[in-house]
4 protein chains.
Amino acid sequence: MKKLTLGIIGAGRIGRLHVDNLQLVPEIHVKSVSDVVIDHLKSWACEKQIDVLTTDYKELLHDSEIDAVFICSPTTTHANLIKEAAAAGKHIFCEKPVSFSVEETEEALAEVKKAGVKIQVGFNRRFDPNFRKIRSLVQEGTVGTPHILKITSRDPEPPNADYVKSSGGLFMDMTIHDFDMARYVMDSEVVEVSAYGTVLVDPAIGEAGDIDTAIITLKFANGALGVIDNSRQAVYGYDQRVEIFGDKGTAQAENNRATTVEVSTAEHVTKDKPLYFFLERYTQAYIDEVTEFAKACLEDTDVTCTGFDGLQAERIAKAAKLSLQKGQPVQLSSIAQIVTN
Amino acid sequence: MKKLTLGIIGAGRIGRLHVDNLQLVPEIHVKSVSDVVIDHLKSWACEKQIDVLTTDYKELLHDSEIDAVFICSPTTTHANLIKEAAAAGKHIFCEKPVSFSVEETEEALAEVKKAGVKIQVGFNRRFDPNFRKIRSLVQEGTVGTPHILKITSRDPEPPNADYVKSSGGLFMDMTIHDFDMARYVMDSEVVEVSAYGTVLVDPAIGEAGDIDTAIITLKFANGALGVIDNSRQAVYGYDQRVEIFGDKGTAQAENNRATTVEVSTAEHVTKDKPLYFFLERYTQAYIDEVTEFAKACLEDTDVTCTGFDGLQAERIAKAAKLSLQKGQPVQLSSIAQIVTN
Amino acid sequence: MKKLTLGIIGAGRIGRLHVDNLQLVPEIHVKSVSDVVIDHLKSWACEKQIDVLTTDYKELLHDSEIDAVFICSPTTTHANLIKEAAAAGKHIFCEKPVSFSVEETEEALAEVKKAGVKIQVGFNRRFDPNFRKIRSLVQEGTVGTPHILKITSRDPEPPNADYVKSSGGLFMDMTIHDFDMARYVMDSEVVEVSAYGTVLVDPAIGEAGDIDTAIITLKFANGALGVIDNSRQAVYGYDQRVEIFGDKGTAQAENNRATTVEVSTAEHVTKDKPLYFFLERYTQAYIDEVTEFAKACLEDTDVTCTGFDGLQAERIAKAAKLSLQKGQPVQLSSIAQIVTN
Amino acid sequence: MKKLTLGIIGAGRIGRLHVDNLQLVPEIHVKSVSDVVIDHLKSWACEKQIDVLTTDYKELLHDSEIDAVFICSPTTTHANLIKEAAAAGKHIFCEKPVSFSVEETEEALAEVKKAGVKIQVGFNRRFDPNFRKIRSLVQEGTVGTPHILKITSRDPEPPNADYVKSSGGLFMDMTIHDFDMARYVMDSEVVEVSAYGTVLVDPAIGEAGDIDTAIITLKFANGALGVIDNSRQAVYGYDQRVEIFGDKGTAQAENNRATTVEVSTAEHVTKDKPLYFFLERYTQAYIDEVTEFAKACLEDTDVTCTGFDGLQAERIAKAAKLSLQKGQPVQLSSIAQIVTN
């Protein structure tokens, strides 16, 4: 069996999650892990049978056995790491967002293109069965020509203010998933964005210069309209719904719950709350995205979620931020130039 | 506009309910009401613009203006009243059960037949839109040849022991609706009954010689099987569900609720309980059954729920009681002889 | 029993619907009906036992027996009729919208105030049990402080272009119900409106100068955000959903369906489509709104839906139209001056 | 890390499924596999990195490195294999049913007891999250004292007649899962069984001496009643529902579906069919049951599903068969003697 040998750059929460999932894929061998601090990772790396644990990511890039790297370090480091990894001829899986700067992302993607390596961006929701079905209902014409897209995306608990400060803001950190979902479901580019945002969940988020509640309206190139509503805190759990309405019907993806059990008592009729957060909701999607990446590298096939997809989501996020600041709609064409596709 | 003039015999809860509903039907005029005691009914009758309030039901039967009577008096009086009304040439709407004795019911129905008047039995559930749809899915072949019928029928609160004593027992009083529903949905006769019953809700019901919890299994002439489960107390409300399973699929009628609202909080996700009891659940069905009766009398059309339907439900109830007593299945053919059809 | 005697001005579809419903209310006597053409109404009026059928609405206003009038004529006539009815001392039930001009509406309401008569505007959806429950969940604090309101409102079939031309446009004709619903549920005024609209359903609607698909974003005085999505054609039926999301949870009102039956076959699992249109969905709400109006007149109580509510919905509709034209958000404060409250 | 070394006896569909799942559990090493014919298994065993592939199961029993065996061979061989494995000091995971003979099962379990090894029976449904929740709602008292248990269990397609002949019959082959579920949820022994069965799906099943459609009624030691309905063919998929009704409420476990997507078109409103069959529905339950077995062996803890559970399910199956033959209820106490507990 042909195997893909991997190095992981950045072993925070998401990096370690990927290692867990990668070890379920028979075609993959996770050889090396790098992080800026590694003392606390030693027993973990031993348990996971990682061969190399290092503070120097260049060690991974210079290791000729390593076919591909996972970039799971802070967002500000992504663009340079992509360039270096591309230069070293490694395939790349990069967490979202690719960067906080559309220009940096474009430069990095240009290097990827030049090097001819693969890049997949970590928009895990594209691998969720509910949303895959929504997209396929559009593709197959079941709902007809799309008219209206609705995405509800609410986290169960707000991040702390420190995280918020370095997050790039709600649109770049959280809504970016929804912007990608919008393009994925609609299969058409966003051409205009109009954002309303406010601080209703936690004043500390406002003090950190961000918002925690938003409604973003989208115009697509195909003429359809879309709307996303976000909150940093849905006390009942992770609220992840998508609806696509077209001239032949509508399709709605509801939340997932732990069981189907409905309980009726003298007080009320209850069912399970939505699965708590992304680790619970997207468990299988995280496995499926790395499995697809391995397959794409080993069999030289296309990835579902490209560098261009990463770039476009960033451009929409930037347009949304600008719309919020200016209090009026913003054309996507005003956000940088696309040099890569 | 041709009008139907009515007399009501028995102005208890169900009699008064029928009066309310009859007054919504433009083709109907409720002229007279009789009951054994009427003092407490005077202001009600005045408000309802009843012309005649009497303690003598014969007054209604001798009134040539009256086309039809509603028999809403205690069950033990039904058979004789049917015979007298038939002899007087009045059409008859009779509450369920027709009587506690299959023989008495058969005799009464023989008189109806002889007189050539119409009789409709008050199995209101046949007029419920959910169950009508279940039946039509069978008739139209959507679920194919029926294999299994399941009826869940649970009351929200148990009757008191006094009521139980004169009720004819769970099977004759409560399950009789389900026995009729079984025949209505399946459109095939019951040929064998096997009943399990016990006292789990209220010991006083046991002391009154009855049961409050039961599972009754049915064999139909068409080879299908059926099961009914009953309880005198579902604390969450009136539980009225029917499922028909056939070789092309299954159809399930769920409970009705006051609203469609679903509420998600940090504690739980809730929706409305089932509508509380028969007055809430079958509001429209009660109106529709009397409307159909009026139409049948005025236009000489068939009724949905005949005297024979009343008789058959009684025979199944009697078989169920016998099965419970003997601890083994009972053939319906062993329950009296059918002289009327 | 004290009775309310009514005159109906305008016997089109909605006027005749009100007559049907008014005749179910024992406290109401519909004495007179006026319309510009009445020949086709004669047999209907006879069947409904209307005493007076006239082409002259003034006859109703001068009839001292008449306590109140229903204004169901074309929108352009509403404001003057309100003024005349008020001057004649009649209570007023007026269909929505009150007028196409905020100034005219304000003038008419000023006359109502001066005359001291009651006015109720026909926002029937306030009487729907689902939406009443949504509002009460907000009022009782079950969902906490409201953060996001979402309204989906889609008609099953588009109007023809002729209707569109005289309709006042999507926002004034259709969305006006949703603007009222937004204020009703949120119990807070709208302060800013941002509208996206387009023609995706029927080019003829575009040629008539209107749109058929829209997403409207709202800012409320309490800081919350809202979004309404509209389409003139949902092929699966009348889509009427409301969600209110707050810091203690979310509440969603789903569509109503004719039955609860779910059918599973080898091909698919199906349930009933949403009830077809407003006549089916809001049957009871239409009855309840006129019952409340009668009660308010007879017992001198407040109405749920005031003239001011009618005015505010119009102002939001006007702001939405302006936003669509200008391509940017519009402050509600820029829409006329409020002289009446 | 302490590891459990396993041998698998019988590499048919279920044996190979267990190997797949066992290889996901880090604490487990599957060393050996035996079957009567092995030629077709060689490449599979190689891919799965099985050390020993043999036609002689005794090789596994004599291998001192092997801690436990999975008995996945035909049911008629189970009892002897259990005895031999127990004598060899191996822990045992045995597929259901333990045997077709209550006496043989009792003898085998006596040997297990004597040897002091662990035995777990493969009632995988005990590990399904829906049913676990149903049981826990009973245990925690949420539904109060149980009154009525309802189990719907229908396969998506009937087995062929050859399988039927060696299956032990519907009750022993299929309903045995439901009999175990009944005891698991109710936490009380079945004391009486009454079975109705017939052939409605496939005449070949009848010719093979079996039934394909059944309703089985149960009486429990705690006084509650239960009912199971079975069909060998639900064309819409694997129908696996459980409801427990008690004096404080009812809890219903619905089917699982691939996605939550609901599609509304002009024709109908649809959602996904139930997951097709046991491999899809109980994917995780199969993994969880072997993980628990490994844990029980390694940490000397109790198993959820004991040999006694296997025995009791068989006794109920036997009683059901007898009830069907005799046409009357059968006491469980009349089925053999329990020598093991």
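Residue numbers start from 1 in every chain, and the chains themselves are labelled A, B, ... in the order their sequence lines are given, proteins ahead of strands. Computed from a prediction, not measured in an experiment: that's the story for all the values here.
- Using a 4.5 Å heavy-atom cutoff, the side chains of B:I134 and C:V261 are in contact.
- Comparing C:K133, C:K248, C:E47, C:Q23 by heavy-atom pairs within less than 4.5 Å of chain B, the highest count is held by C:K133.
- Between chain B and the residues C:R132, C:E254, C:R257, the largest count of heavy-atom pairs under 4.5 Å involves C:E254.
- Residue B:T142 touches chain C through both its backbone and its side chain, counting heavy-atom pairs closer than 4.5 Å.
- Within a 6.0 Å radius of NZ in C:K295, no more than 12 heavy atoms belonging to other residues, nucleotides or ligands are found.
- Rounded to the nearest 0.5 Å, atoms NZ (B:K271) and CD (C:Q252) are 12.5 Å apart.
- Among the candidates B:S264, B:G249, B:A251, the residue making the largest number of heavy-atom pairs closer than 4.5 Å to chain C is B:S264.
- For B:N255, the part sitting under 4.5 Å from any heavy atom of chain C is the backbone (N, CA, C, O) and nothing else.
- When side chains are defined from C-beta on, B:T260 counts as touching C:N256, because their heavy atoms get closer than 4.5 Å.
- Around atom CD of B:Q139, more than 12 heavy atoms belonging to other residues, nucleotides or ligands sit under 6.0 Å away.
- Contact record, B:A258 with C:P129: O-CB, 4.3 Å, taken as the closest heavy-atom pair.
- The most heavy-atom pairs under 4.5 Å with chain B, out of C:T265, C:V263, C:T250, come from C:T250.
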